[in-house]
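Written out below as structure tokens is the structure these notes cover.
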Amino acid sequence: MRTIGADTGERTWGEARGPTFAQRRRLTLRGARRQVARGRAFAREALEDWGWDGQEASEDAILVVSELLTNANLHADGCHELLLRGGDTFRVEVYDGHGDLRRLAPGTPRLRTPGAPGGYGLLLVRRVADLWGAEAIAQGKVVWAEFDADRLRSGGPGPWRT
């Protein structure tokens with residue numbers, strides 16, 4: 001298993017053992033229509049139920065859910081599953097069936113047509129989430145992002161706004 005991400009998958013805050021998760025919600029999306037809209041609604045409901053809604057940081061988390069689901073749809077033949085975990089961290093995991101991590105690696109050159117939309121989703125995820133990465137799994141990959149729960153409770157700005 002190989003992990004990549006903005007910080008090479010290593011934690012820069014919290015305990016070395018990683019976050020603890022008291023809550024967990026799973027949404028199966030394989031073959032579903034309107035995956036991004038369903039995933040956004042699912043995440044918004046979880047954030048509300050866990051008391052993390054109505055803050056600027058919760059909107060950042062919804063944006064990241066949208067970006068990760070959109071990327072799975074555009075570049076990995078759709079999302080298979082969305083997993084949300086809550087505890088001292090809010091973690092978003094998007095599972096797809098395409099295991100190639102090379103396109104996700106930081107610094108990988110991208111072919112972009114000047115002025116054309118698109119191609120900035122993971123840059124946005126990198127800037128808005130507290131931590132993000134991707135891991136190859138047996139049947140594809142999981143791309144994940146994390147938000148510190150204190151940030152979601154306080155509504156504090158993301159790392160790019162400081």
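What you are looking at is a predicted structure, and each value in this text was computed from that prediction instead of being measured. Scope of the values below: all heavy atoms of this structure, side chains included, with no hydrogens, waters or symmetry mates.
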Please list all pairs passing the salt bridge (Lys or Arg N to Asp or Glu O under 4.0 Å) test where one or both residues lie in residues 68-87, with sequence neighbours left out.
R26-E81, R85-E93
Identify, with sequence neighbours excluded, every residue that meets salt bridge (charged side-chain N to carboxylate O under 4.0 Å, His left out) alongside R38.
none
4.5 Å side-chain heavy-atom contact, [X] and [Y]:
X	Y	result
I137	Y95	yes
D148	L131	no
T89	F147	no
R91	W144	yes
L47	I62	yes
N71	V143	no

Looking at R25, I want to see if its CZ is surrounded by more than 12 non-hydrogen atoms of other residues, nucleotides or ligands under 6.0 Å.
yes
Which residue, R30, Q139, K141, forms the side chain to side chain donor-acceptor pair (under 3.5 Å) with D96?
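Only one option passes, and that is K141.
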Could you state the interatomic distance from [atom1] ([X]) to [atom2] ([Y]), rounded to the nearest 0.5 Å?
X	Y	atom1	atom2	answer
D88	E146	CG	CD	9.0 Å
S58	R153	OG	CZ	13.0 Å
L122	R127	CG	CZ	13.5 Å

Any chance you could lay out the side chain to side chain contact (heavy atoms under 4.5 Å, CB included) test for L63 and V125, step after step, and finish with the verdict?
CA-CA 8 Å; L63 178 61; V125 170; over 6 Å; no
Taking all non-hydrogen atoms of both residues into account, name the closest pair between [X] and [Y] and its distance.
X	Y	result
L69	G39	CD1-CA, 3.6 Å
A46	L84	CB-CD1, 3.8 Å
V64	A145	CG1-CB, 3.6 Å
H98	A76	CB-CB, 3.6 Å
V65	A43	CG2-CB, 3.9 Å

May I ask you to check if R126 and W132 form a cation-pi contact, with NZ or CZ under 6.0 angstrom from the six-membered ring centre and within 45° of the axis?
no
Non-neighbouring partners of Q23 that pass side chain to side chain contact (heavy atoms under 4.5 Å, CB included), sequence neighbours left out
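In terms of side chain to side chain contact (heavy atoms under 4.5 Å, CB included), with neighbours along the sequence ignored, Q23 is linked to W50.
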Listed partners of [X] passing side-chain hydrogen bond (donor to acceptor under 3.5 Å, both in side chains), at least two apart:
X	answer
R24	none
T70	none
E48	none

Please determine if E45 and R40 form a salt bridge, counting it only when a charged side-chain N lies under 4.0 Å from a carboxylate O.
no
